[in-house]
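Below you'll find the structure, written out as structure tokens, and then a few comments.
Counting convention: from 1, in listed order, for ligands and their atoms alike. One is the number of the first residue; the rest follow in order along the sequence. Owing to the predicted nature of the structure, the values given are computational and were not obtained by experimental measurement.
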Amino acid sequence: MFVDSHAHLEGEQFDADREQMIARAREAGVETIVAIGSGTGPGSLDCGIQLAEKYPFIYATMGIHPHEAKLAADADFRELEQLAKQPKVIAWGEIGLDYFYDHSPRDVQKQVFLTQMELAQAAKLPIVIHCRPSDGSDNAWEDCLSLLHEQWSPNGLGGILHCFTGTWAHAKRALDMGFMISFAGNVTFPKAQQILDAAKQVPLDRMLIETDSPFLAPVPHRGKRNEPAFVKETARQLGELRGLSTEEMGRQTAGNFYNFFKLAESGKNEVAGR
Ligand SMILES: [Zn+2]
Ligand SMILES: [Zn+2]
């Protein structure tokens with residue numbers, strides 16, 4: 001009844017027990033997982049696809065994360081264009097802007113973001129957005145939302161704002177551009193008030209849940225390695241906020257996921273169209 005819309009399943013943190021971790025997710029009711037294929041950057045961009053080929057209930061993305069934007073070369077964009085044609089690839093990402101870590105210069109991040117938006121549009125794939133501002137600022141939100149407004153919104157393909165940490169005003173701008181808002185385990189943290197305030201107002205049929213495994217484990221697993229089985233903690237927290245049970249919130253967000261990506265529900269798992 002749960003869909004984990006964002007997990008880094010190929011992470012080396014799972015090398016010792018990847019199969020068991022995926023089995024635990026299934027036992028916990030996670031019927032579908034999206035394996036995010038940004039890996040460690042160029043050279044590993046097919047990592048999500050490899051897992052999706054192995055497991056029928058795993059879908060994949062691929063793209064260059066803003067952290068690795070400075071490593072992106074022409075050949076990597078050509079590779080992504082080819083990978084985008086793989087049948088289990090449902091979105092391009094994660095892409096966007098990260099002004100918190102600034103692992104790549106901001107102008108390079110913007111350029112690599114723009115290039116990938118063009119390629120995703122040509123491939124007719126929605127995009128998965130990573131957006132993190134500097135501490136106490138909304139600088140990355142302003143840049144990201146205005147780039148999306150100019151360069152992405154008109155094509156109607158939409159996408160997902162992953163691990164949403166912004167305000168309701170940010171969420172509203174993205175919703176108006178056809179984006180889904182995905183919430184992660186940090187909604188369970190004590191300092192999550194701004195996220196919860198936004199989550200109160202996001203329409204129920206536009207919400208998704210994710211783990212961002214192996215990062216950002218929810219309470220009561222905080223500080224440990226995260227894994228897809230823990231996505232139910234995010235459903236529990238959002239359910240409490242919206243007056244739904246954990247299971248109801250799981251089913252609601254799972255249905256939203258299948259609708260947005262026009263995928264058959266669990267068990268069938270063929271791509272019904274994009
Ligand atoms: Zn991210
Ligand atoms: Zn991620």
Quiz prompt | the Zn ion (ligand 2) - closest N/O/S atom in D212 | solution = OD1

Quiz item: Would one find an N, O or S atom of H8, in either backbone or side chain, under 2.8 Å from the Zn ion (ligand 2)?
Solution: yes

Exercise. Classify the ring geometry between H103 and Y101 as parallel (under 30°), tilted (30 to 60°) or perpendicular (over 60°).
Key: parallel

Quiz item: Do W141 and F164 make the cut of ring centroids closer than 6.0 angstrom?
Solution: yes

Quiz item: Under 4.0 Å between a Lys/Arg side-chain N and an Asp/Glu carboxylate O for K200 and D197?
Solution: yes

Quiz item: Is any side-chain N of the basic residue among R78 and E81 closer than 4.0 Å to the acidic one's carboxylate O?
Solution: yes

Practice problem: Report the angle formed at the Zn ion (ligand 1) by atom OE1 of E94 and atom NE2 of H162, rounding to the nearest 10°. | Solution: 90°

Quiz item: Within less than 2.8 Å of the Zn ion (ligand 2), any N, O or S from H130?
Solution: no

